[in-house]
Number of protein chains: 2
Amino acid sequence: MAPMSKNAAAPSVPTRDRLLDAFEELLVEGGERSATLDAVAAAAAVSKGGLLYHFASKDALVGGLLARLDALALEDAENIRTAPAGAVDYLIRTSVHTGSPLDRAYIAGSRLAQGRDPRAVQVLTEIRRRWLSVIEDAVHDADVAQAIMLISDGLYVNSSLAENELAPQNHTDAAMTRLIALIGRLLPHE
Amino acid sequence: MAPMSKNAAAPSVPTRDRLLDAFEELLVEGGERSATLDAVAAAAAVSKGGLLYHFASKDALVGGLLARLDALALEDAENIRTAPAGAVDYLIRTSVHTGSPLDRAYIAGSRLAQGRDPRAVQVLTEIRRRWLSVIEDAVHDADVAQAIMLISDGLYVNSSLAENELAPQNHTDAAMTRLIALIGRLLPHE
DNA sequence: ACAACTATACCGTCTAGCCGGTACAGTCGA
DNA sequence: TCGACTGTACCGGCTAGACGGTATAGTTGT
């Protein structure tokens, strides 16, 4: 077929990124196992040869995903630090599945880490270390910061496990506001 | 009817359970991908034919693991409810990788859920629903119970991701005691 | 001309699942 | 008490298909 404007939509997004998007999507939706090269190529509407043109191996594909995740997370750490409503507020609100690029990349990375890919484990560990550090700066108490991180992690688990079942309205804006108020009690007074 | 004394060692643990143990272990250590039938059989020191005698398919193996997890979790809910030091104390302390049978089964189940096995998702969702219910009974506040569950989930993520890296002494007894004290602040007063 | 692909064919390995066979303990009728 | 038979617990060889990766020839927009 015509490799140009697929059919209607012009490839405003470079193929390389579309491949990474597709890989991510498959990891999130179907786990490690379903993210095969064939599946990734098909999902990105690219031939397998085309995939391997951009990423010479599956390892390279994983590397590309992890690099993008790391870059996204680095930006995010800055967003948390400078969030107008406060670091804790921002962290908690963005810990629920918002569908943001970082969100998807983070969950995809988690899948790889659970498959025990050592690079994925390292990248995730580093990202979490950065988040913890930002929260520590914001609350001035290592134990409280730790507890807040745990809640943030818990939210990720919840939203990626239940998707939308368990406790229908746990992730609404109102619920998040109540949760953040609750976290406020952890702070002695500042 | 004695299937005993294979050669020398009497199989004090039935082969069926050894297979489930091996499957669990592989899921925990290497993720979904590494838990192949061949690997499970080898880890249980059984031939592949032997494995398939006990579990006719991989699906059946997953079913067996999930059934065992569910049974273990049902017992555990009772342990939480009747824990001398209180439900919250028990839940939090057992949320870190203790190596208990439930612990391992739960993490293994999580791996399957991340592979998007719908049965695994359902079993885990149900287990978490039960835990939440027990905590709600203990703290008499839905929001606080929710927050405690999130912390518990976070601890699982932490211990299963970092294993023993990130923040060396986050899961010591002392750290847990401090965390539980912190959670106490969430309760208005009771 | 060149980069960015498509399409197809192929290879070695891994994976799930199947099947025939073996060993052996216990049951039962004559 | 013997021989025929049954059920349980396995072994190990096999196959079809999936998977990662290679190779190569052709197409298209700039």
Side-chain angles (χ1 to χ4, degrees), chain A residues 1-23 26-27 29-66 111-112 115-117 119-120, chain B residues 1-23 25-27 29-65 111-112 115-117 119-120:
Chain A
M1 306 280 173
M4 56 156 302
S5 59
K6 213 56 288 160
N7 253 339
S12 54
V13 180
T15 303
R16 209 191 117 95
D17 290 326
R18 291 205 338 268
L19 285 165
L20 252 19
D21 289 343
F23 186 36
L26 284 163
L27 281 172
E29 295 301 320
E32 218 195 333
R33 203 119 200 217
S34 69
T36 67
L37 294 187
D38 281 317
V40 171
V46 163
S47 71
K48 196 174 166 182
L51 192 171
L52 288 162
Y53 172 78
H54 289 283
F55 300 98
S57 67
K58 193 164 194 184
D59 236 51
L61 191 59
V62 170
L65 185 121
L66 256 21
R111 306 285 197 232
L112 293 173
R116 308 239 69 82
D117 184 306
R119 286 169 306 164
Chain B
M1 62 150 334
M4 58 162 305
S5 60
K6 194 84 275 199
N7 256 338
S12 53
V13 180
T15 302
R16 211 191 114 95
D17 291 327
R18 283 191 1 254
L19 286 165
L20 252 18
D21 289 344
F23 186 35
E25 186 70 14
L26 284 163
L27 282 170
E29 294 302 319
E32 217 197 334
R33 200 122 202 213
S34 71
T36 66
L37 294 188
D38 279 318
V40 171
V46 165
S47 72
K48 199 169 163 186
L51 191 171
L52 288 164
Y53 170 78
H54 289 284
F55 299 98
S57 68
K58 195 166 192 183
D59 235 53
L61 190 59
V62 169
L65 186 124
R111 304 288 197 228
L112 294 173
R116 307 239 69 82
D117 183 307
R119 288 167 306 165

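Chain naming here is simple, since letters A, B, ... match the order of the sequence lines and numbering starts at 1 in each.
- Checking dC11(D), dC5(C), dA16(C) against every side-chain atom of Thr36(B), the shortest atom distance belongs to dA16(C).
- Distance CG (Asp17(A)) to P (dA4(C)): 13 Å, rounded to an integer number of Å.
- No side-chain heavy atom of Arg116(B) sits under 4.5 Å from any side-chain heavy atom of Glu32(B).
- Taking atom CZ of residue Arg16(B) and atom C1' of nucleotide dC10(D), one finds them 16 Å apart after rounding to whole Å.
- Taking 4.5 Å as the limit, some side-chain heavy atom of Leu37(A) sits within range of a side-chain heavy atom of Leu61(A).
- The line from OG of Ser57(A) to CG of Leu52(A) is 8.0 Å long, rounded to the nearest 0.5 Å.
- Here the nucleotide nearest the side chain of His54(B), chosen from dC11(D), dC5(C), dA9(D), is dA9(D).
- Atom OG1 in Thr36(A) sits 6.5 Å away from atom NZ in Lys58(A) (nearest 0.5 Å).
- Taking atom CG of Leu51(B) as the reference point, atom C1' of dA9(D) lies 13 Å away to the nearest angstrom.
- Rounded to whole Å, atom P of dC19(D) lies 15 Å from atom CG of Leu61(A).
- Relative to the side chain of Thr15(B), the nucleotides dG17(C), dT6(C), dC10(D) differ in distance, and dC10(D) lies closest.
- The side chain of Lys48(A) approaches dG20(D) more closely than any other nucleotide in the set dG17(C), dC10(D), dG20(D).
- Across all non-hydrogen atoms, the minimal contact from Leu26(B) to Ala43(B) is CD1-CB, 4.3 Å.
- Remark: C1' of dT15(C) and CZ of Arg33(A) are 8 Å apart, rounded to the nearest angstrom.
- Following rounding to the nearest Å, Leu37(A) (CG) and dC10(C) (P) show an atom-to-atom distance of 20 Å.
- The distance from atom CG of Asp38(B) to atom P of dG12(D) is 13 Å, rounded to the nearest whole Å.
- Considering only the side chain of Tyr53(B), dC10(D) comes nearest among dC18(C), dC10(D), dT22(D).
- As a whole-Å value, the separation of Leu52(A) CG from dA3(C) P is 18 Å.
- No hydrogens or angles were tested; on distance alone, nothing pairs the side chain of Lys58(A) with the base of dG21(D) as donor and acceptor under 3.5 Å.
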